[in-house]
Structure formats: C-alpha cells, structure tokens
Amino acid sequence: MTMESNFWLTTTSMPTASPGDLPSHVDVIIVGAGFTGLSAAHALAKRGTTVAVLEANTIGWGASSRNGGMVLTGLKLSAETLAKRYGLDLTRRMYATSLESIDLVEQLVREENIDCSFSRCGHLEVACKQSHFDAYARSVEVIAREFNHQLRIIPQNQLGGEIGSGIYFGGIVDETSAGVNPAQYVSGLASAALRAGACVYENARVQNIQRSSQNGSAGFSVLTSRGSVFAQNLLVATSGYTSAATPALQKKIIPIGSFIIATEPLAPDLARELSPRNRMIFDSKHYLHYYRLTPDNRMLFGGRAAFFPETKNTIHRSAEILRRDLIEVYPQLRDTKIEHAWGGTLDFCFDTMPHAGQAQGIYYALGYAGHGVAIATYLGTKLAEVMSGVKTDIPYAVIPFPGAPFGLYNGKPWFLPIAGAYYKVLDWVS
Ligand SMILES: Cc1cc2nc3c(=O)[nH]c(=O)nc-3n(C[C@H](O)[C@H](O)[C@H](O)COP(=O)(O)OP(=O)(O)OC[C@H]3O[C@@H](n4cnc5c(N)ncnc54)[C@H](O)[C@@H]3O)c2cc1C
C-alpha cells in the first residue's frame, strides 16, 4: 500500500500560482485556497475587485483536494433536528441552499469548462440497523412535505439494485446529489479564479491580522510569511486548518480527522456488482463510512477511523481499520489491493453547523463538518456578493455561533478521545 498518497492528486495538477511578490494593497484578501476561498475569489474577480488569495501551502492543499467528492443535498444534521432547533422557516431556507449549492457547482463546472467528472449520480444512505431504517420513512415524509424535495426509500429486499452488500437494512436514495473528482474541481476553480483576474499566492501563511487604515480607508494589515498586504476586506476560508492567526475562530472549530483508502482499479463487472448505479454511498452511523467508485473504477472508502487529524501514524492506523471495515461491507474485495491511503481535517463547530458572516469586521465561512463540497462553494460565492454590496440572504449568518461550553477550549481538542469513545458507544446503543 502506498501510504500517505492521495489518489485524486494522481489525476490532475494544480495551476501555477501568481508569480512575484505579494502586492502591498488589494481590495480583498482571502485566507485559504480551497473551495471556499477560490469560489469567493472567482466571484469577486469577475466583478472587477482586486483579490489576493493567501495560501499557507499550495493551491487546494487542504480538505478540498482530499475529500470523497460527494456533492450532497441536505446538511450534516437531519432536517428534523434543524427544524426543532431553528424553526421551519429558517430550516427551509437552509435546505434550499443545500440544493442551490449543487446547482452552483454544476453551473461553475459547465461555465468554466472544469473537467472533473461531475455527475448527478445521486446518493444512497444505507441503514446499519432496523431502527435506523424505520426512521427513514418519517424523514422522507418531512422532507417531501416541508421542503418539497423527493427522496426514495429502498426496502431491504430491493437494495441489491443499489449496492452489492448484504449487511444493510434498507436505504434512501436522493437523485439530486452528485459526484465529482474534488482535486480536479479545486484545480479548475483555481484556474477560473486566476483567469478572472484574482491572484493566488502559495507558501504565504497568514501570521497576524491587525485592523489598520491606508490612505484614509479602513481595513486590515495582514502579516504573512512572505510579507505584508493591506486590504479593505478580509475573508477567512481556512476550514479545519484554522489556526492561531485567527484566534477567535480557532476557538470555535474542532479539527477532526477523516481518512480514505482507495483500491486498485476493479474489473468493470465487479465495480457494477458493488455499486450498480454508481451512487455516492454513506451509512447511518455517527462514526460513519462513506464510499464510492472513482471514475476509473476504484472503490474509495472513507471514515473517521482515527479522530485526530492526519499524520503518518493516524493515516497508517486508519488505513488498516478502513480495510477491515471495507471487507465487512464488501467481502468481494478481500483479495483486492489497497493502493492509496490519505487523510484530511474536517471542521466541526460546537453545533455541527456551517457558519458564514462577519465578526470584528472579518468575513468567514466554515464549519462544514464533512459536508462542504457544495456548501463551501456556495458560501464563498455568497460572501463575495455581500462584499460587493449585493443584498444576499445567508441563513447561516443569522444563527448563533457557539463556542465551547464554559469556554473550555483554546483550539487544542483535548476532548477528542472522549468524544470518539462517546460516539462509538452511541453507535452501539442507538
Ligand atoms: C477526508 C475528507 C473527506 C471529505 N469528504 C467530503 C465529501 O465527500 N463531501 C463533502 O461535501 N465534503 C467532504 N469533506 C469536507 C470538504 O472537503 C470540506 O468541507 C471543504 O473542502 C472545505 O473547503 P475549504 O475551502 O473551506 O477549506 P480547505 O479546502 O480545507 O482549505 C483551507 C486552506 O486554508 C489554508 N490555511 C489555513 N491556515 C492558513 C493561514 N494561516 N494562512 C494561509 N492559509 C491558511 C490551508 O492550507 C488550506 O489549504 C471531506 C473532508 C475530508 C478531510
């Protein structure tokens, strides 16, 4: 097995970043060159705004090139949970954004000619217990009635048409969801932003942000590892990699590892047997597995095998656990070679919700909790509209953005082993 090797990155290269030194002044600085930052940069540059994207590593280095490429409807939390917490009106607006965000990805892919295997293949959620399957009926009914969106229940005796595994109790299909090659998509977004006139600087780690003014206009002075830049507006788009450069946000984000393995390419017949409709598949557990075929027929299988973010150690350990779990789902793959294993960091907020808005003058969008391919693109684009003075409804900007209970968190997630154990127990009992 090739450890620490992201399969997606073998399928593409990232565009060349902007040459030369950092400018001394731009209209907008964006911190982070992933889906959020690059979609914002693209939308701003198209409006004629001068933009510098400052990326600590390289274009697409973060979760945006490492994920499962599942472009999913809905949010991380169920519609029922959202409605209980925020009321029906706000939940309707949130659910609508989850659908609009997939349309937006599709539109960007089409308009910018991004070759990234985007396909509306639909998703399949599979029930690990009878009780999980029993709850699907109510969920589907609520989503149809309140959000006018149709899902389809697949009883256990028809599941064979959707998945070549015998361990599940039934499923739900949503035909609206899509799949994408995420590294090709983030590379294409970066190219589109650069073509539109945005500048993207690599190895430019933001170290410090100060309010200041230049030539009578208020803004931010941003110190990076490559020098300083001033801008009127600043967007933080650092997701699970949010650091002490933005301490107030760092205290609200819990970085959690998620890991993926990919097999060697499978024979077409075997691939069709495992996933007859080529869906984006995930199961109903808290410690969930997500899996799909890649465009070249590998089985890509992911999960939160270790809770801590990616290191050589956590990737190695996770790869072993994921291989074991993969064979439980698909015994047909017992002798199949695993060729790739990698990890990335998810950004969970304490309420498991995305948040986008402005605090102390700084714009931010994060908290995608492993459900960010579409909504990160959407929120980056929406915040670009806001910064351009367009009146825009962002439901995630009006909900409370909680920090840790009793303030017991400084950005170092000491409680992850406890949380990991808690969710494992929850999966046994619920
Ligand atoms: C293994 C894995 C699987 C996933 N699977 C899915 C999936 O199938 N479907 C789905 O919808 N979502 C999935 N996600 C989540 C999704 O990938 C993310 O929500 C999304 O990519 C977030 O994009 P982003 O642009 O906000 O952040 P990122 O892509 O993480 O980019 C943040 C960038 O900020 C940079 N940065 C951080 N600090 C600084 C600094 N101080 N200065 C400059 N730059 C800085 C980092 O280097 C990084 O490149 C998955 C995530 C992971 C890790």
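Just so it is clear, the model here is predicted, and its values are computed rather than measured. Atoms within each ligand, like the ligands themselves, are counted from 1 in listed order.
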Considering only protein heavy atoms, which is closest to [atom], and at what distance to one decimal place?
atom                    : value
atom 13 (C) of ligand 1 : G370 O, 3.3 Å
atom 47 (O) of ligand 1 : E55 OE2, 2.5 Å
atom 5 (N) of ligand 1  : G68 N, 3.0 Å
atom 27 (O) of ligand 1 : S239 CB, 3.0 Å
atom 34 (O) of ligand 1 : G32 CA, 3.3 Å
atom 14 (N) of ligand 1 : N67 CB, 3.6 Å
atom 30 (O) of ligand 1 : A63 N, 3.0 Å
atom 24 (P) of ligand 1 : T36 OG1, 3.5 Å

TODO: Classify the ring geometry between Y291 and Y330 as parallel (under 30°), tilted (30 to 60°) or perpendicular (over 60°).
DONE: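 It falls in the perpendicular class, over 60°.
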Open item on the list: Would you call the rings of F401 and Y364 parallel, tilted or perpendicular, taking 30° and 60° as the class edges?
Closed with: tilted
Under 3.5 Å, is there a donor-acceptor pair linking the side chains of [X] and [Y]?
X    : Y    : value
N6   : H340 : no
E55  : Y201 : no
T58  : E202 : no
Y290 : S258 : yes
T176 : D174 : yes

Open item on the list: With a 4.0 Å cut-off on heavy atoms, is T345 in contact with ligand 1?
Closed with: yes
Show the atoms of ligand 1 that are less than 4.0 angstrom away from any heavy atom in [X].
X    : value
S243 : 41 (N)
G69  : 8 (O)
L346 : 50 (C), 51 (C), 52 (C), 53 (C)

How does [X] reach ligand 1, by side chain, by backbone, by both or by neither, if only non-hydrogen atoms under 4.0 Å count?
X    : result
M70  : both
L54  : backbone
Y290 : side chain
V31  : side chain

Task: salt bridge (Lys or Arg N to Asp or Glu O under 4.0 Å) involving E112 - partner list, sequence neighbours excluded - done: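 Scan of E112 (salt bridge (Lys or Arg N to Asp or Glu O under 4.0 Å), adjacent residues dropped) gives K46, R195.
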TODO: Flag the pair R298 and D296 as a salt bridge only when some basic side-chain nitrogen lies within less than 4.0 angstrom of an acidic carboxylate oxygen.
DONE: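 Salt bridge present between R298 and D296.
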Task: Residues R226 and D21 bridged, charged N to O under 4.0 Å - done: no
